[in-house]
Amino acid sequence: MIVAPPCGNEDARLATLFSYDVLDTPAESAYDDLVSLASHICDKPIALISLIDAKRQWFKAKVGLDATHTSKNIAFCSHAILQDDILEVPDTLEDERFFDNPLVTSEPKIRFYAGAPLITKQGYALGTLCVIDRKPAKLSAAQKEALSALARQTVSQLELRLNNRKLDIANKQKNKLLQILSHDLRSAFGNIINLADMLQLIEKEQQQKTKHNYNTQHFLSLILRSSKLGLSLLENLLSWSLITDSEQLLHKKPLNVRAIMMEAINYLATNAKNKSLTVKTDFKQDAIFYSQENLFRSVIQNLLHNAIKFSPEGKDIWLLANELDGKLIITVADQGIGMSKEDCALLFGSGVTAKKGTAGEQGSGLGAQIIRDYVREHQGEIEVHSAVNNGTEITISLPLSNN
């Protein structure tokens, strides 16, 4: 028996397969219909949609076979995904690759095999649509053409399934976003209106020479805080909408990392000054990263904003950027209130919740979600190191190969 070698792009192939999130899912009629058609058209008792992961072939749909998977090392489909066209084995006993294969010498005692690779639009073979017989055989030209067409339909079904899943996730995220907006944004602008009404009342009473002692500066500071919160929510809303729009993610251009980080520092300078915080930097001068500009800027601003938000007065914050091992490494570290291990694990989870800052700053939790989704879309990683009352360090690594 000859074991099939891995594909030349095996890591990327496996990453693509896993992205479909189809392995070990229940049977679905669309795929069951395809293997039934393949069995009928090719006049073979066994037909399978086989997906090849790192160690096994798993059957999404099957006719004429009870098994749900086999080892990758003995899988005929492991050989089939190495070529662009159908792999046909008329008689396994006469093929040096398979004559002593356990699937030939014991059940299901394969004597004939034909597998059409399931090739994605990116060129990765996820598995095969194959037909099998217990006696030698050969497909006609028409049967081969039909098997290839059904394989293309299988890939189309996988794409449709993936897109439907993305739409479902997007709808859930939008519902969550609407809840955030209905509460936080309404609250922010409600405060602005109420405080403006109060200032108007103060002005009226002053004109009437009343003796009420209101602190106008206090109300102005509250208006400013609510206005900034509302603006932050709107900016994050825009960023979130860009992340959920796959076409927008393709609008990449070369970005000067240092310049955008300095913009973020200047943008949040008042926030830092109000708490007497010092932002220290260390940038690779010529670091260039290809991305959607507004999204990248939003990620940096949210990282820095959180560090300021959870830092007590008079502390230092570090904003660092470097290139290492083909990745852009961005780190934001603070000397703030820190988090428990449990909170670290939840920080970039699906159920992100907002917490008040050291000066009572409000938030929606949407910034953490933007960071998480942005890093995920760029196939990057997030690391969080923190301890209660001992600061937090967040590092994101973004592959430069995605440029």
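When a residue number appears, it is its place in the shown sequence, counting from 1. Note that the structure is predicted; figures quoted are calculated from it, not measured.
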- Apply the test salt bridge (Lys or Arg N to Asp or Glu O under 4.0 Å) to residues Asp24 and Arg56: give CA-CA distance (whole Å), side-chain angles for both, the deciding distance (0.1 Å), then the verdict. CA-CA 12 Å; Asp24 300 308; Arg56 61 174 180 158; 2.8 Å; yes
- Task: Check the pair Met261, Arg258 against side chain to side chain contact (heavy atoms under 4.5 Å, CB included), reporting the backbone distance first and the verdict last.
- Result: CA-CA 5 Å; Met261 288 188 164; Arg258 182 181 185 277; 5.8 Å; no
- Query: What do the steps show when you test Leu103 against Ile132 for side chain to side chain contact (heavy atoms under 4.5 Å, CB included), and what is the final call?
  - Reply: CA-CA 11 Å; Leu103 299 176; Ile132 294 170; over 6 Å; no
- Task: Dump the intermediate steps for side chain to side chain contact (heavy atoms under 4.5 Å, CB included) on Glu313 and Lys275, then the final yes or no.
- Result: CA-CA 5 Å; Glu313 292 190 3; Lys275 299 174 80 171; 4.2 Å; yes
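Between Arg161 and Tyr20, the closest side-chain pair of non-hydrogen atoms is not below 4.5 Å. For the pair Leu87 and Tyr113, the minimum side-chain heavy-atom distance is below 4.5 Å. Side-chain atoms of Leu347 and Ile394, non-hydrogen and from C-beta on, do get closer than 4.5 Å to each other. Two residues are said to be in side-chain contact when any heavy atoms from C-beta on lie closer than 4.5 Å; Val155 and Lys121 fail this criterion.
Gln335 places a side-chain N or O within donor-acceptor distance of the main-chain N or O of Asp316, the cut-off being under 3.5 Å.
Checking each of Asp100, Asp95, Asn101 against Arg97 for a side-chain hydrogen bond (donor to acceptor under 3.5 Å, both in side chains) leaves exactly one that passes, namely Asp95.
The aromatic rings of Phe76 and Phe98 lie parallel to each other, with less than 30° between the two planes, well short of the 60° mark.
A salt bridge does not link Glu88 with Lys44: every distance from a Lys NZ or Arg NE/NH1/NH2 to an Asp or Glu carboxylate oxygen is 4.0 Å or more.
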